[in-house]
Amino acid sequence: MEKIKKLFLLLELFLKQPEDKRQRKSWEMFNSLFIIFPPETVEGMINNMTAYSQEREEISEEEKLQLLVFSKYLNVTLKMLHKEVEKASSTKPFSGNLFSE
């Protein structure tokens with residue numbers, strides 16, 4: 001639960017920043033997700049959300065299908081972006097401080 005709190009606080013701080021600063025820091029914001037949670041955990045969270053949504057009776061079959069496709073898209077995209085972050089980090093390490101200039 002501590003990791004979830006850390007992610008939530010980071011998101012709150014990020015959203016309080018001016019729009020131009022958020023644009024500049026968005027890549028580091030994404031990178032922080034994988035600092036807090038390993039990629040396998042992120043994928044598991046997405047899969048858990050998807051499984052939960054599939055059990056909900058108030059969600060139509062069409063919406064469930066959309067959520068399945070979106071979850072797969074999100075997992076694939078996050079894996080690709082994580083590889084990009086790893087590549088970029090090998091040449092320029094992440095400072096860990098999102099809100100410094």
Side-chain angles (χ1 to χ4, degrees):
M1 193 50 120
E2 189 63 33
K3 289 182 176 186
I4 292 292
K5 287 180 186 176
K6 193 180 288 187
L7 189 64
F8 182 75
L9 290 173
L10 190 60
L11 179 61
E12 274 191 331
L13 284 172
F14 182 75
L15 292 174
K16 288 179 181 177
Q17 301 300 309
E19 182 68 30
D20 63 326
K21 193 169 189 175
R22 281 188 284 183
Q23 283 297 118
R24 292 193 314 270
K25 298 293 183 176
S26 60
W27 185 257
E28 290 181 10
M29 182 68 178
F30 171 76
N31 188 29
S32 67
L33 174 67
F34 291 115
I35 290 172
I36 297 170
F37 295 103
E40 301 78 29
T41 302
V42 174
E43 182 176 7
M45 289 189 290
I46 293 168
N47 292 342
N48 288 341
M49 284 189 322
T50 304
Y52 177 76
S53 71
Q54 299 305 298
E55 297 170 358
R56 307 297 301 173
E57 291 180 14
E58 65 273 11
I59 298 176
S60 72
E61 291 304 313
E62 183 178 333
E63 290 170 320
K64 288 179 182 182
L65 181 59
Q66 288 175 350
L67 288 168
L68 278 172
V69 171
F70 177 71
S71 293
K72 181 66 176 174
Y73 175 86
L74 188 57
N75 268 328
V76 168
T77 303
L78 286 175
K79 282 180 188 175
M80 291 173 14
L81 288 171
H82 182 255
K83 287 179 184 177
E84 289 297 316
V85 166
E86 284 182 326
K87 258 195 269 182
S89 295
S90 68
T91 58
K92 183 182 175 199
F94 175 57
S95 69
N97 188 352
L98 282 177
F99 305 110
S100 65
E101 285 302 320

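FYI, side chains are in, hydrogens and waters are out, and symmetry mates aren't considered; it's all heavy atoms of this structure.
Put simply, F70 and L65 are part of two different groups of oily side chains (I, L, V, M, F, W, Y) that touch within less than 4.5 Å, one to the next. Residues F34 and I4 fall within the same hydrophobic cluster, defined by Ile, Leu, Val, Met, Phe, Trp and Tyr side chains chained together at heavy-atom separations under 4.5 Å. Both L7 and L15 are assigned to one and the same hydrophobic cluster, defined by single-linkage of ILVMFWY side chains at heavy-atom distances under 4.5 Å.
With contacts defined as side-chain heavy-atom distances shorter than 4.5 Å, the pair T50/L67 does not qualify. V76 places a side-chain heavy atom less than 4.5 Å from the side chain of K72. No side-chain heavy atom of F14 sits under 4.5 Å from any side-chain heavy atom of L10.
Within 6.0 Å of atom CD in E57, 12 or fewer heavy atoms from other residues, nucleotides or ligands are found, so the atom counts as exposed in its surroundings.
K64 meets the salt bridge (charged side-chain N to carboxylate O under 4.0 Å, His left out) test with E61; sequence neighbours excluded. For E12, the side-chain contact (heavy atoms from CB on, under 4.5 Å) partners two or more places apart in sequence, or in a different chain, are F8, L9. Shown here are the ring pair (Phe, Tyr, Trp, His ring centres under 6.0 Å) partners of F37, two or more places apart in sequence or in another chain: there are none. Every residue meeting the side-chain contact (heavy atoms from CB on, under 4.5 Å) condition with E19, not counting sequence neighbours, appears here in chain and number order: R22, Q23. Qualifying side chain to side chain donor-acceptor pair (under 3.5 Å) partners for Q66, counting only residues two or more places apart in sequence or in other chains: none.
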List, one per line, each side-chain donor-acceptor pair under 3.5 Å for residues 38-48, sequence neighbours excluded.
{"from": "E43", "atom 1": "OE2", "to": "K79", "atom 2": "NZ", "distance (Å)": "3.4"}
{"from": "N47", "atom 1": "OD1", "to": "N75", "atom 2": "ND2", "distance (Å)": "3.0"}
{"from": "N47", "atom 1": "ND2", "to": "E43", "atom 2": "O", "distance (Å)": "3.4"}
{"from": "N48", "atom 1": "ND2", "to": "G44", "atom 2": "O", "distance (Å)": "3.3"}

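Rounded to the nearest 0.5 angstrom, E2 CD and I36 CD1 are separated by 10.5 Å. Taking NZ from K3 and CG from L33, the interatomic distance works out to 11.0 Å, rounded to the nearest 0.5 Å.
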